Amino acid sequence: MAGPITAFFAILAAASAPSALASAAAASGAPVAAAPLPAGASFVREQDYRVARIGYRIGLSGGAHCPDPYPLTGLLLHHLAEYSQSDRPAAAEHYSLDRGPAILAVVEESPAARAGLAAGDVVLAVNGRPLPSPVAMAQGRDNEEARPAIEATEAQLEAELRRGPADLRLLRNGEELTLRLDPVDGCPARVRLARSSQVNAFAHNGYAIMTTALLAFLESDDELAVVLGHEIAHNILRHPAMLDAQGVPDGILRGFGRNASRVRATEEAADRLGIRLAWAAGYDVSAAIPYWRRYYAKYDTMPQLFRTHPSLRARERLIVEVLTELGSSGSDLGSKRPELGEGALRKR
């Protein structure tokens, strides 16, 4: 974790500039595809759907760990300002993102799916209140500068859903319609996939953000659930605000003295809760150990002097402790974990 931007991995934890990580968080738009979406499509891009689906399952199953219920929908949005300046005209033409945020993915059997929402629907208003103009939000800004406005738009939807079912006025294939979205209570599993070559994941402003480079490194949905569970745990435990209150700075000073020990304590707490969240969602969390071994072997070059994250050996000990608490040594965890139905994306 790095101040307001929470870096997950040791390779970036002490040295990365917050602005670089913020840029990765904001750049969730991808080059625009011209092919029209089929009617009732579940996603625009399968990678985003995969992250949304696992995040939703973690949020749905982890309610016992979340004192403040969050309105889960199974919905993932994308916004005009998330696309590069050069791609925005095409994003407006193909996705109508100049009219409002559009649905990027709808998780199967979620409230959004039951409401009849589909990928490509554009959200114009919630309970009769129009959403901010996406053109104004994007005007003269890059995606990093526009991020607070984007998050405020999603917060407007969330605030209405906290009161109960909400009527969404939508644009679908050039015609307007209204559908009622009735959320379910769960953990705050706000997830986002950022287009970036950084192999990284982090918690930022209540979002669990993963890069496409890290997603490509993962070998299964079980590993993906471990990583997302960790970042969602940071948000549940309010670690970013905690470190800010303790005066832990960004950058190289993060790796010295009490700062490093404070960050390590939050990482260990997020590891423990994250494993439990992924396990409750039905994933084989014994995958955490081989994942971390591969990651540390390839990417962890941080000197011990500046380390703010646990070592591989410490992480393995912690994982084994949690697996034991859950009633398994790890080898037989798959037969003991809750089953929610896996679907087609267990292995890439």
Side-chain angles (χ1 to χ4, degrees), residues 25-30 32 36-37 39-45 48 52 56 70-85 87-107 110-184 188-192 204-207:
S28 55
V32 180
L37 292 174
S42 295
F43 54 82
V44 175
R45 297 185 293 267
D48 296 279
Y56 174 76
Y70 174 79
L72 288 170
T73 63
L75 198 63
L76 191 63
L77 299 173
H78 60 147
H79 304 257
L80 182 66
E82 291 180 304
Y83 289 80
S84 67
Q85 294 279 359
D87 283 332
R88 287 175 188 174
E93 179 183 355
H94 295 299
Y95 303 141
S96 298
L97 289 178
D98 55 332
R99 298 290 304 279
I103 296 177
L104 187 60
V106 174
V107 177
S110 69
R114 290 192 291 271
L117 295 168
D121 289 347
V122 179
V123 184
L124 303 175
V126 184
N127 287 338
R129 297 179 178 87
L131 295 181
S133 165
V135 175
M137 287 166 54
Q139 189 68 39
R141 297 175 171 178
D142 62 23
N143 46 29
E144 180 181 349
E145 292 173 338
R147 174 55 49 188
I150 291 169
E151 292 173 359
T153 298
E154 297 192 352
Q156 178 180 338
L157 171 60
E158 178 182 311
E160 294 294 332
L161 290 169
R162 284 185 181 276
R163 300 185 182 98
D167 290 329
L168 273 57
R169 183 157 57 87
L170 307 168
L171 181 68
R172 176 184 293 175
N173 297 326
E175 297 184 359
E176 293 189 13
L177 72 157
T178 299
L179 296 177
R180 172 155 286 204
L181 179 59
D182 189 1
V184 294
R190 305 176 186 90
V191 297
R192 186 168 296 278
H204 173 51
N205 285 354
Y207 288 84

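All figures in this text were calculated on a predicted structure; none of them were measured in a lab.
The two atoms that bring Pro165 and Asp182 nearest to each other are CG-OD1, 3.5 Å, heavy atoms only. For the residue pair Val107 and Ala113, the shortest heavy atom distance occurs at O-CB, 3.5 Å. Scanning all heavy atoms of the two residues, the minimum distance from Val126 to Ala166 falls at CG1-CB, 4.0 Å.
Within the structure, salt bridge (Lys or Arg N to Asp or Glu O under 4.0 Å) pairs that include any residue of residues 92-103 comprise Arg99-Glu176 (at least two apart or interchain). Applying the salt bridge (Lys or Arg N to Asp or Glu O under 4.0 Å) test to pairs two or more places apart or on separate chains, those with a residue in residues 127-138 are Arg129-Glu160.
If you take CG on Leu117 and CD1 on Ile103, they are separated by 4.5 Å, rounding to the nearest 0.5 Å. Expressed to the nearest 0.5 Å, how far CG of Asp48 lies from CG of Leu76 amounts to 6.0 Å. To the nearest 0.5 Å, the span separating CG on Asp167 from CG on Asn127 amounts to 5.5 Å. One finds the CD atom of Glu82 at 4.5 Å from the CD1 atom of Ile150 (value rounded to the nearest 0.5 Å). Taking OH of Tyr95 as the start and CG of Leu37 as the end, the distance is 7.0 Å to the nearest 0.5 Å. Tyr207 OH to Arg147 CZ: the interatomic distance, rounded to the nearest 0.5 Å, is 7.0 Å.
Looking only at distances, no side-chain donor or acceptor of Glu175 sits under 3.5 Å from a matching main-chain atom of Arg172. No donor-acceptor distance shorter than 3.5 angstrom exists from the side chain of Arg169 to the backbone of Gly128, with no hydrogens or angles considered. In this structure, the side chain of Gln85 engages the main chain of Arg141 through a donor-acceptor pair within 3.5 Å. Under a 3.5 Å cut-off, the side chain of Arg88 and the backbone N or O of Tyr83 do form a donor-acceptor pair.
Ion pairing of Arg190 with Glu151 is absent here, as no side-chain N (NZ or NE/NH1/NH2) approaches a carboxylate O to less than 4.0 Å.
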Applying side chain to side chain contact (heavy atoms under 4.5 Å, CB included) to Leu170 and Val123, what does each step give before you reach the verdict? CA-CA 5 Å; Leu170 307 168; Val123 184; 4.0 Å; yes

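In this structure the side chain of Leu131 never reaches within 4.5 angstrom of the side chain of Leu124, judged on heavy atoms. Using a 4.5 Å heavy-atom cutoff, the side chains of His94 and Val44 are not in contact.
When each of Leu75, Leu72, Leu161 is paired with Pro183, the side-chain contact (heavy atoms from CB on, under 4.5 Å) condition holds for Leu161 and for no other.
The environment of CG in Asn173 is sparse: at most 12 heavy-atom neighbours from other residues, nucleotides or ligands sit within 6.0 Å.
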